[in-house]
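See below for the structure under consideration.
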Amino acid sequence: MKRIDKILSEQTNYSRKEIKKLISKELVLVNDRIVKRPEEKYDDEAIIIKIEGKEVSIKKHFYLLLNKPSGYVSTTSLNEDKTVIDLVPDKYKTKTLFPAGRLDKDTTGLMLITDDGVFSHNILAPKKHIKKIYEVVIDIPISEDMIIGFKNGVKLNDGECKSALLEKTGEYSSLVTLTEGRYHQIKRMFGCFGAKVIKLHRICMGELYLPNDLGVGEVREATNEELEKLQSKK
Ligand code: URA
């Protein structure tokens, strides 16, 4: 059972303040009965909600944020490997849940797990220009050559990469911003300069930074505001 104001803030784009107002004006109905107070609790999977006479469509998809730990694969495992789906609480497990984009087994950080293929495509397709930012540590000092090379487009054996931003944050550490996601892309890009990636951690997708409240290995539903940020290309 959940408070009706919480259900509505999860399932609609109304703000908490607007929801309070709608309830006080008696414009929210649950199973055709007027909701009197925002604290009233309902089973969000078994009710019909109407706002100003219009039925609110129940959320059709799940959008889960994960702070991926090292040691988990983000594909379906063909061997004994643990997969990121193993970290998802049972109540979210549907047949179609999948990670939107891949992180290598040893890569950590922000991932979206969803059952919404269109949303996933919208944040991953290179044409959509949604950026992903990674903290990267390599085994040799970062050179000017690397910075210029990343900007001009590193040539990999499966084609030339789009321009990427390499910002030095220390002798060996950097932030790398990509707008595409090829197989082992950052490792292969640095590999072209004779460097080995030692640490790779995704901190941002779109405008959404890894939330502070999401501990390593934790999964929680994204808020509407977070989903907007995920799709933002400011
Ligand atoms: N680039 C890589 O090489 N690996 C990742 O997991 C993500 C980006």
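Counting starts at 1 for both ligands and their atoms, following the listed order.
A salt bridge links Arg220 and Glu226; the closest N-O separation between the charged side-chain nitrogens and carboxylate oxygens is under 4.0 Å.
Atoms of ligand 1 found under 4.0 Å from any heavy atom of Thr107, numbered from 1 in the order shown, are 4 (N), 5 (C), 6 (O). Shown in contact with Gln185 at under 4.0 Å from a heavy atom are these atoms of ligand 1, numbered in order with element: 1 (N), 2 (C), 3 (O).
Between Lys131 and Leu165 the shortest side-chain heavy-atom distance does not fall below 4.5 Å.
For ligand 1, none of its N or O atoms has an N or O atom of Arg188 under 3.5 Å away. Considering backbone and side-chain N/O of His184, one or more are found under 3.5 Å from N/O of ligand 1.
For the residue pair Thr108 and His201, a side-chain donor N or O sits within less than 3.5 Å of a side-chain acceptor on the partner. Looking only at atom types and distance, the side chain of Tyr72 has no donor-acceptor partner in the side chain of Asp86 under 3.5 Å away. Using modelled atom types and a 3.5 Å distance limit, the side chains of Glu221 and Tyr92 yield a donor-acceptor pair.
Contacts between Leu178 and ligand 1 below 4.0 angstrom, taking non-hydrogen atoms only, are absent altogether. Under 4.0 Å from ligand 1, heavy atoms of Asp104 appear from its side chain as well as its backbone.
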Just list the side-chain donor-acceptor pairs under 3.5 Å for residues 149-159, sequence neighbours left out, or say none.
from   : atom 1 : to     : atom 2 : distance (Å)
Asn157 : OD1    : Arg188 : NH1    : 3.1
Asp158 : OD1    : Arg182 : NH1    : 3.1
Asp158 : OD1    : Arg188 : NH1    : 3.3
Asp158 : OD2    : Arg188 : NH2    : 3.1

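Counting protein heavy atoms only, atom 7 (C) of ligand 1 is closest to Tyr134 CE2, 3.7 Å. Looking only at heavy atoms of the protein, atom 1 (N) of ligand 1 is closest to Ile186 N, 3.1 Å.
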